[in-house]
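So the structure is just underneath, and the comments pick up after that.
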Protein chains: 2
Amino acid sequence: MTQRPFNFSAGPAALPEEVLNQVAAEMLDWQGSGMSVMEMSHRGPEFTRICAEAENDLRELLQVPANFRILFMQGGGLAENAIVPMNLARGGKVDVVVTGSWSKKSAEEARRYASVNIAASGSDSKFTQLPSPGSWQLSADAAYVHVCSNETIDGIEFHELPDLKALGSAAPLVIDCSSHQLSRSIDWSRVGLAFGGAQKNIGPAGLTLVFVREDLLGHALPICPSAFDYQTVAAAQSMYNTPPTFSIYVAGLVFQWLKKFSYAGKTGVAAIEQRNIDKAQLLYGALDGSKLFENRVAAHARSRMNIPFYLRGEYNTPQLTSAFLDGAKARNLLQLKGHKSVGGMRASIYNAMPLEGVQALVAYLKDFEAQYG
Amino acid sequence: MTQRPFNFSAGPAALPEEVLNQVAAEMLDWQGSGMSVMEMSHRGPEFTRICAEAENDLRELLQVPANFRILFMQGGGLAENAIVPMNLARGGKVDVVVTGSWSKKSAEEARRYASVNIAASGSDSKFTQLPSPGSWQLSADAAYVHVCSNETIDGIEFHELPDLKALGSAAPLVIDCSSHQLSRSIDWSRVGLAFGGAQKNIGPAGLTLVFVREDLLGHALPICPSAFDYQTVAAAQSMYNTPPTFSIYVAGLVFQWLKKFSYAGKTGVAAIEQRNIDKAQLLYGALDGSKLFENRVAAHARSRMNIPFYLRGEYNTPQLTSAFLDGAKARNLLQLKGHKSVGGMRASIYNAMPLEGVQALVAYLKDFEAQYG
């Protein structure tokens with residue numbers, strides 16, 4: 001079989017080839033059941049097993065503590081921007097740290113349900129820096145503090161989650177971790193709730209993962225739809241409404257793939273985290289060493305997952321950007337176009353991107369520079 | 001290739017074998033793109049085309065008028081039970097006709113956002129009859145009238161949609177058509193909004209279809225999440241948040257399958273509707289002619305899609321019910337167990353169920369009766 005193209009999409013994004021092969025092989029008959037997973041009742045024994053195994057594997061991979069519930073939901077991060085305050089804000093105040101496009105949207109949406117305090121903003125730096133936690137203006141009475149732990153568009157990542165207790169806040173921390181969940185370990189002692197769409201590191205779009213500490217359940221506003229009330233969803237084991245069964249199945253295969261994944265003498269999340277570190281270092285190193293390309297994010301805040309880059313100065317023209325993207329596609333380096341709101345290029349190098357994909361991109365950067373630089 | 005088992009699941013449900021084969025064949029490389037559809041940006045040219053074709057094909061199949069928008073959403077029917085009143089009720093009054101489990105849930109959920117008038121209820125008949133539209137107590141000032149046009153659990157279907165104007169109501173009709181959409185034509189002149197989860201006749205769970213008349217857009221309550229505001233979703237061509245891309249792709253293949261489907265000299269929806277009529281007649285005829293089995297729904301209200309049935313009188317024991325289900329599975333007749341709330345058996349015979357599947361079930365009913373009757 002020939003090498004598949006390397007796919008740098010920001011999401012929906014590349015999946016491990018082994019997983020896609022298994023999905024294809026099982027499409028008409030899942031393990032002798034005579035059914036595709038798409039065709040199974042969500043309440044039948046086959047899918048009940050698939051779903052329970054997926055949840056257990058995810059819990060094991062991320063070492064999710066027993067006092068957290070894992071919920072399989074729908075609507076993605078944008079829906080969670082409303083669902084979180086409907087469940088947690090109790091009509092009071094919430095603190096939001098704005099570090100880019102996604103946390104800005106979260107703050108706007110939360111205003112429908114709560115009083116929003118922008119505790120800090122990276123807008124002065126044009127979202128190239130993370131405001132230092134020591135500078136955050138946290139409220140004394142916030143229902144929660146929201147951060148986006150990886151900003152997909154701006155390419156900014158928290159490499160250490162804030163310790164709210166040390167900052168004098170008793171509020172639970174909510175993290176939107178859509179675009180880096182499962183790429184690294186999580187310090188759950190600092191987290192009250194984590195949410196993320198699956199379509200980056202985990203599986204098909206349409207599945208949303210929510211990890212919620214049990215003491216935060218049961219406080220939804222009366223206007224919260226039942227299907228989005230965390231307590232209702234948790235009590236029904238994510239089966240209050242029909243869950244996105246096929247997406248959960250694919251996610252479960254990704255979890256199995258990751259459990260077996262090994263790299264640099266490590267396995268599982270530790271292994272993928274190390275490979276993600278190595279991939280990011282390779283690409284940032286190439287960009288920093290280039291006269292033609294640049295990444296503008298401060299070193300302490302650079303995302304391992306989403307690396308926006310631009311042609312420098314006079315080279316930054318629509319023509320040369322197009323030439324770069326066309327040339328990339330011709331080399332089987334796909335979906336490198338930057339987000340429409342910021343332009344330029346972006347390489348999203350999620351878990352499923354092999355080191356070879358980043359090496360191929362770096363080789364292309366060098367060749368392109370030799371030709372046009 | 002051997003015959004696949006016949007799968008009578010109420011949903012997620014059987015899909016056409018041709019569709020599953022194509023999905024498997026394209027899993028690693030959609031039409032030379034080098035990507036699985038799961039791996040494509042929802043904003044890229046490939047998926048934009050997939051989505052537009054799916055919408056166009058669906059519009060053509062159901063002859064959806066130009067003043068209706070088709071939205072691809074998430075959350076299923078249960079989420080729509082909240083999303084509809086958040087968008088349409090304007091905090092006022094809504095009329096609900098309760099004909100079974102689903103419309104009852106819709107009424108309960110709507111109470112969060114509106115004053116609910118139960119215009120009629122079939123509960124006196126234990127949901128074996130449809131209350132005659134002439135008997136409905138409609139409000140003068142309802143924002144809309146809700147009916148579930150096919151009750152999946154109770155096996156009740158409206159074979160003619162109510163003509164609200166003729167009943168003296170100026171309110172738009174909202175139909176929850178989850179479990180029979182695309183199984184028959186729709187008289188759009190009588191409908192303001194139609195919604196349904198995809199997981200019966202259309203594709204994988206996790207995709208919700210909403211057909212909404214344009215004049216009903218733009219009236220969402222301030223507490224309606226942006227991702228569920230019909231106007232926002234419509235303005236963004238269902239791309240406000242990342243849609244369930246893979247489910248839309250599979251749905252699109254089902255639409256293509258249905259466009260080519262022919263039966264009894266007809267094609268498309270007319271053909272599938274005729275086959276659905278023939279399948280239902282065959283099964284109801286066998287049940288009505290049996291001493292061992294019964295369907296309890298009045299003839300005028302019998303669903304073509306979901307046919308609950310029970311062992312009669314003294315035969316209706318857990319042991320004999322189990323024996324029936326075990327024997328069915330041994331004959332490759334799958335997922336015939338009734339809904340947990342009503343027990344017994346249920347045959348869901350959606351579009352993808354061939355006539356041969358119903359014939360096989362009828363043959364088993366006769367053999368079982370010969371053995372135990």
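Scope of the values below: all heavy atoms of this structure, side chains included, with no hydrogens, waters or symmetry mates. The structure presented is a predicted model; accordingly, all values stated were derived computationally and were not measured.
For a residue to count as touching a neighbouring chain, one of its non-hydrogen atoms must lie under 4.5 Å from one of that chain's; by this rule B/Ser247 does not touch chain A. Within the 4.5 angstrom heavy-atom criterion, only side-chain atoms of B/Val250, from C-beta onward, approach chain A. Using a 4.5 Å cut-off between heavy atoms, B/Ala13 contacts chain A through its backbone alone, with no side-chain atom that close. Neither the backbone nor the side chain of B/Lys337 comes within contact range of chain A; no heavy atoms are under 4.5 Å apart. With a 4.5 angstrom heavy-atom cutoff, B/Asn241 touches chain A via backbone and side-chain atoms both. With a 4.5 angstrom heavy-atom cutoff, B/Phe228 touches chain A only via side-chain atoms. Interface residue B/Met86: only side-chain heavy atoms are found under 4.5 Å from chain A. Both the backbone and the side chain of B/Ile223 come within contact range of chain A, each with at least one heavy atom under 4.5 Å from a heavy atom of that chain.
The shortest distance between side-chain heavy atoms of B/Val23 and A/Met38 falls below 4.5 Å. Residues B/Pro5 and A/Met35 are not in side-chain contact: their nearest non-hydrogen atoms beyond the backbone lie 4.5 Å or more apart. The side-chain heavy atoms of A/Gln74 and B/Pro244, taken from C-beta on, include no pair separated by under 4.5 Å. For the pair B/Pro225/A/Ile83, no side-chain contact is recorded, criterion being any heavy-atom separation below 4.5 Å from C-beta on. The side-chain heavy atoms of B/Leu20 and A/Glu39, taken from C-beta on, include a pair separated by under 4.5 Å.
Of the listed residues (A/Ser9, A/Gly75, A/Ala82), the one with the most heavy-atom contacts under 4.5 Å to chain B is A/Gly75. Interface summary for chain B: among A/Ala14, A/Gly76, A/Pro204, the most heavy-atom pairs under 4.5 angstrom belong to A/Ala14. The greatest number of non-hydrogen atom pairs below 4.5 Å with chain A, out of B/Ala205, B/Gly11, B/Ala227, is found for B/Ala205. Interface summary for chain A: among B/Asn332, B/Val37, B/Leu78, B/Leu334, the most heavy-atom pairs under 4.5 angstrom belong to B/Leu78.
More than 12 heavy-atom neighbours from other residues, nucleotides or ligands sit within 6.0 angstrom of CZ on B/Arg43.
Here the OG atom belonging to B/Ser41 is positioned 8.5 Å from the NE2 atom belonging to A/His339, to the nearest 0.5 angstrom. Taken from CD in B/Glu26 to CE in A/Met27, the straight-line distance is 10.5 Å, to the nearest 0.5 Å. Atom CG of A/Asp29 and atom CZ of B/Arg4 lie 7.0 Å apart (nearest 0.5 Å).
Across all non-hydrogen atoms, the minimal contact from B/Cys224 to A/Arg112 is O-NH1, 3.4 Å.
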